[in-house]
Amino acid sequence: MAYPPHFDETLNLVKETRRFRKSQEIKRLNDAERTELIENYHPDYRAEGMEPLRIGPNRGDRVPIELAKALESYSIYDPGRLNLSEPDYSTDILIVGGGGAGCAAALTAREGGAEVLMATKLRLGDANTLMAEGGMCSPVRPEDSPYMHFIDTIGGGHYTNVPELVKALVLDGPEIASWLIGMGVMFDYEADGSLKVNHCGGHSRKRMLSCKDLTGLELMRVLRDEMRDREIPCLEFSPVVDLLLDEQGSCAGAVLYNMDTADFTVVKAKAVIMASGGIGRLHIQGFPTTNHYGATADGLVVAYRSGAEMIHMDSIQYHPTGTVWPEQLLGQLITEVMRGHGAHLVNASGKRFINELECRDTCASACIRECSERGNGVVTPTGFEGIWLDTPLIPDIKNHFVGIYQRFKKYDIDIQEEPILVYPTQHYQNGGLRINPQAETSMPGLFAAGEVAGGIQGKNRLAGNSLLDIFVYGRRAARRALELNGKVASPVRLTVEHLHNWHDRLNALGVPKAQQSPVLLPDYTPK
Amino acid sequence: MANLIPIYYLGKKHMVPEGVTIMGAIENSGHRLVRGCGCRGGFCGACATVFRIPGDHQIKVGLACQTRVEAGMDVAILPYYPAQKVLYDFKTVTDPARALQTMYPEMYRCLGCSACNKICPQDLPVMDIIAEAQRGNLPAVAELSFDCVMCGLCASRCLAQMVPYNIAMAARRLYSHSMLLGPDYVGVRIREIEQGVYDRQIDALLEKSQEELQKLYAERDIECI
């Protein structure tokens, strides 16, 4: 499965122009040029990809069509048939989602003495956290400071971030690093005992802590092990399908769906921490994704229809360099560190078209422009289109990027000799449930942490900031829930009135009954 | 259109496009996976798969999301594998090598058969990892086992019935917890934050207009690579 023969012509052009391109300077865009490029080509600005929500707290807000459909949907079961008077489980704190944010919340809540139950869609640890390669940013070095991390994050987010959330993010960063070190995470170190730090896009200081190129895997392995050591119960293959409220309208539990038995489980809780992750597997605007199989926005959907407010849900992050060929690797991430090491973005005729070190939304927009309006893309036999990431420019690539080298070698592509065909791929949900610095959503009793929460990263997230935010807000959610737990009694009566109301409103809008959510898993069987 | 080749999944024959992954082939033949599918990128170990090829007596393995189909292959994805894990409070450890030996004494029953090496889809030297664990060489276990995705296949084949991936997990944590302590400057920074050193600086930023922030951002000095 090397490149198809009809790629020969463009591959030759890339090879022939390599020498010239090495000495070519491409100027960075100024603010106005950058804004124009993004507004014309970034998928977030495609009018046909968005639609205004018709009901709920964010009525009138534009969101991706795929999300709008999931939000404006009926429950996948009849809420009237639940036995709410005899819950299957009763606990202090229910945590939805078994990724980095969920585990941070669960461990912190247990440390504080609460009774904790976790529910997750797949296995404990099956989450985007585990797939993070690069690392986690934290302003720990003497040369760095939380002040600089704040400026970088808010500038990278185009000043749309909720500043108080960024403040909490950067001030908690060092404590999070220390917490993880204390749990036995195998971070990379220099010979002198200092933490190894990497530079990454948009950060003005080296502050990315790493565990080789498998940072997320190492973090998730340790958290999962600690979850088991603390004997925190976790219901696997049990995604959330709705939230339950008490008579005052506070969140008081959830309905889970047991994927093994097709039964519904009622959980009563004094607080619910939503840590259900992102949206990639809804394939916004048809984009492939770097996300985990379970990233279908379930938490966002169930929280919204129970009354929790969202923020920035018109903002999706597309990573400029997702794999296009071989198709088996479609959408998989090619780290931006490769561009940092000198790889060019090159069109079918062998020409560069953007400074490769612009941030993610800018580079992604430029790649899309090249393939659409300018017609300079390379078309694969099955109709996908991409541009080249010219990897042979990277010195010693085989050692620097051993994982990527081997991944392509399996398909007879030697990235030392040949470039990689790439196109933007959905990577991250910038927006999410609106939270305050205590991780409280707009609904009493409901907290949110991790990718499902919004506002922290603004409309463009910097590399390394999400691995930090999941832990910061996971722990903050748990601490706040612990604080309030002592003050509230266990809910007396659970209700699903809000779901009946929601269904009535959908009915009035003429939404067909077959339109149900959450989606739970994508469907890749032939249509 | 790609050529179609036969594979057998759960005993049923399916014609699937040549060149696709085992996971792609299973989905292409109409199955919506629930168990046996995770990150789809080779990180998570959810799709550990065993298979045989006609005419070959050997049992073969791979991650379904990373392994391409071969004509006639008979595949099963492991939905779950029960594993022994010893609960432990890592904070109480004084002698990490000794602790590992106490937690998993069965590691000394290794027969040296190397079935674990042969089955590891990550090509890890599992038997060497266990040998280093027996010697109490935790740094070596940690390095050699770092790419482990904990898929469970080694445990499924071990003649001594141990769970190599949980032994390696414990070894990595014991090693990191006792020997990678983090530099002093982390604690210094945490104390500065507790003392409120940065609150005033950042609160001043919260008062600034977007134009002022833009100026600060544009003029910030960037550390050399």
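By convention in this document, chain letters (A, B, ...) are assigned in the order of the sequence lines, proteins followed by strands, and residues within each chain are numbered from 1. Keep in mind the model is a prediction, meaning the values are calculated, not measured.
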About how many Å separate CG of A:Leu130 and CG of A:Leu223, when rounded to the nearest 0.5 Å?
11.0 Å
Just so I understand: if I count every heavy-atom pair under 4.5 Å between each of A:Glu143, A:Arg230, A:Met148, A:Glu164 and chain B, which residue has the most?
A:Arg230
Taking every non-hydrogen atom, the tightest pair across B:Tyr185 and A:Ser194:
OH-CB, 3.5 Å
Assert top hit (heavy-atom pairs under 4.5 Å, partner chain A, pool B:Val34, B:Ile26, B:Thr21) equals B:Val34
With a 4.5 angstrom heavy-atom cut-off, which part of B:Asp147 approaches chain A: side chain, backbone, both or neither?
both
A:Thr425 and A:His319: side chain donor to acceptor below 3.5 Å
no
Side chain to side chain donor-acceptor pair (under 3.5 Å) assessment of A:Ser138 paired with A:Arg207:
CA-CA 6 Å; A:Ser138 176; A:Arg207 60 168 73 102; over 6 Å; no
Go through the atoms of B:Tyr80 and report whether side chain, backbone, both or neither lie under 4.5 Å from a heavy atom of chain A.
neither
So how far is it from B:Arg40 CZ to B:Phe43 CZ, rounded to the nearest 0.5 Å?
14.0 Å
Looking at A:Asp126, A:Leu217, A:Leu171, A:Asp229, which one has more heavy-atom pairs under 4.5 Å with chain B than the rest?
A:Asp229
For A:Tyr147, is it the side chain, the backbone, both, or neither that has a heavy atom closer than 4.5 Å to a heavy atom of chain B?
both
B:Leu213, part contacting chain A, at a heavy-atom distance under 4.5 Å
both
Donor + acceptor pair across side chains of B:Asp89, B:Thr92 (<3.5 Å)
no
What part of A:Val166 gets closer than 4.5 Å to chain B, counting heavy atoms only: side chain, backbone, both or neither?
neither
Proximal component of A:Glu231, with respect to chain B [non-hydrogen, under 4.5 Å]:
side chain
Verify the distance criterion only: is there a donor paired with an acceptor across the side chains of A:Ser210 and A:Asp188 at less than 3.5 Å?
yes
With only heavy atoms counted, which part of B:Cys148 is less than 4.5 Å from chain A, the side chain, the backbone, both or neither?
both
As an exercise: rank A:Asp192, A:Leu214, A:Leu122 by heavy-atom pairs under 4.5 Å with chain B and give me the winner.
A:Leu214
Could you have a look at A:Thr382, A:Asp260, A:Val170, A:Leu520 and say which one has the most heavy-atom pairs with chain B under 4.5 angstrom?
A:Asp260
Pick one of side chain, backbone, both or neither for B:Gln214, based on which atoms fall under 4.5 Å of a heavy atom in chain A.
both
Nearest 0.5 Å, please: how far is CE in B:Met103 from CG in B:Leu87?
8.5 Å
For the candidates B:Gln210, B:Arg189, B:Lys85, which exhibits the highest count of non-hydrogen atom pairs separated by less than 4.5 Å from chain A?
B:Arg189
Considering only heavy atoms, which portion of A:Lys410 lies under 4.5 Å from any heavy atom of chain B: side chain, backbone, both, or neither?
both
Do you know which of A:Glu133, A:Met259, A:Met131 has the most heavy-atom pairs under 4.5 Å to chain B?
A:Met131
Go through B:Ser209 and B:Glu212 one step at a time and tell me if the side chain to side chain donor-acceptor pair (under 3.5 Å) criterion holds.
CA-CA 5 Å; B:Ser209 69; B:Glu212 289 171 309; 3.3 Å; yes
Between B:His177, B:Met169, B:Arg173, the one whose heavy-atom pairs under 4.5 Å with chain A are most numerous:
B:Arg173
Where on B:Ala142 is there a heavy atom nearer than 4.5 Å to chain A: the side chain, the backbone, both, or neither?
both
For the rings on B:Tyr88 and B:Phe90, is their centre-to-centre separation under 6.0 Å?
yes
Under 6.0 Å between the ring centres of A:Tyr524 and B:His31?
no
Among B:Asn28, B:Asp199, B:Asp221, B:Asp203, who wins on heavy-atom pairs under 4.5 Å with chain A?
B:Asp221
What part of B:Val86 gets within 4.5 angstrom of chain A, counting heavy atoms only: side chain, backbone, both, or neither?
backbone
CG/B:Leu216 to CD/B:Glu211 distance, rounded to the nearest 0.5 angstrom?
12.0 Å
Can you tell me which of A:Arg228, A:Met220, A:Lys121, A:Arg123 forms the most heavy-atom pairs within a distance under 4.5 Å of chain B?
A:Arg123
Choice from B:Gly187, B:Ser178, B:Gly41, B:Cys37 maximising heavy atom contacts with chain A below 4.5 Å:
B:Cys37
Tell me, out of B:Lys91, B:Met23, B:Met179, B:Gln66, who's got the most heavy-atom pairs with chain A below 4.5 Å.
B:Gln66
By a 4.5 Å heavy-atom criterion (distance strictly below it), what part of B:Leu180 contacts chain A: side chain, backbone, both, or neither?
both
Can you tell which part of B:Leu33 gets under 4.5 Å to a heavy atom of chain A, answering side chain, backbone, both or neither?
both
Apply side chain to side chain donor-acceptor pair (under 3.5 Å) to residues A:Tyr411 and A:Gln328 and explain how you reach the verdict.
CA-CA 9 Å; A:Tyr411 294 94; A:Gln328 291 89 340; 4.7 Å; no
Between A:His149 and A:His203, what is the ring plane arrangement, given parallel below 30°, perpendicular above 60°, and tilted in between?
tilted
Test salt bridge (Lys or Arg N to Asp or Glu O under 4.0 Å) on A:Asp144 and A:Lys206; report intermediate values, then the result.
CA-CA 8 Å; A:Asp144 194 2; A:Lys206 295 185 207 173; over 6 Å; no
Is B:Arg35 close enough and on-axis enough to A:Phe237, meaning under 6.0 Å and within 45°, for cation-pi?
yes
For A:Asp523, which atoms come within 4.5 Å of any heavy atom of chain B: side chain, backbone, both, or neither?
both
Between B:Glu194 and chain A, with a heavy-atom cut-off of 4.5 Å, which part of the residue counts as in contact: side chain, backbone, both or neither?
neither
With only heavy atoms counted, which part of A:Pro381 is less than 4.5 Å from chain B, the side chain, the backbone, both or neither?
neither
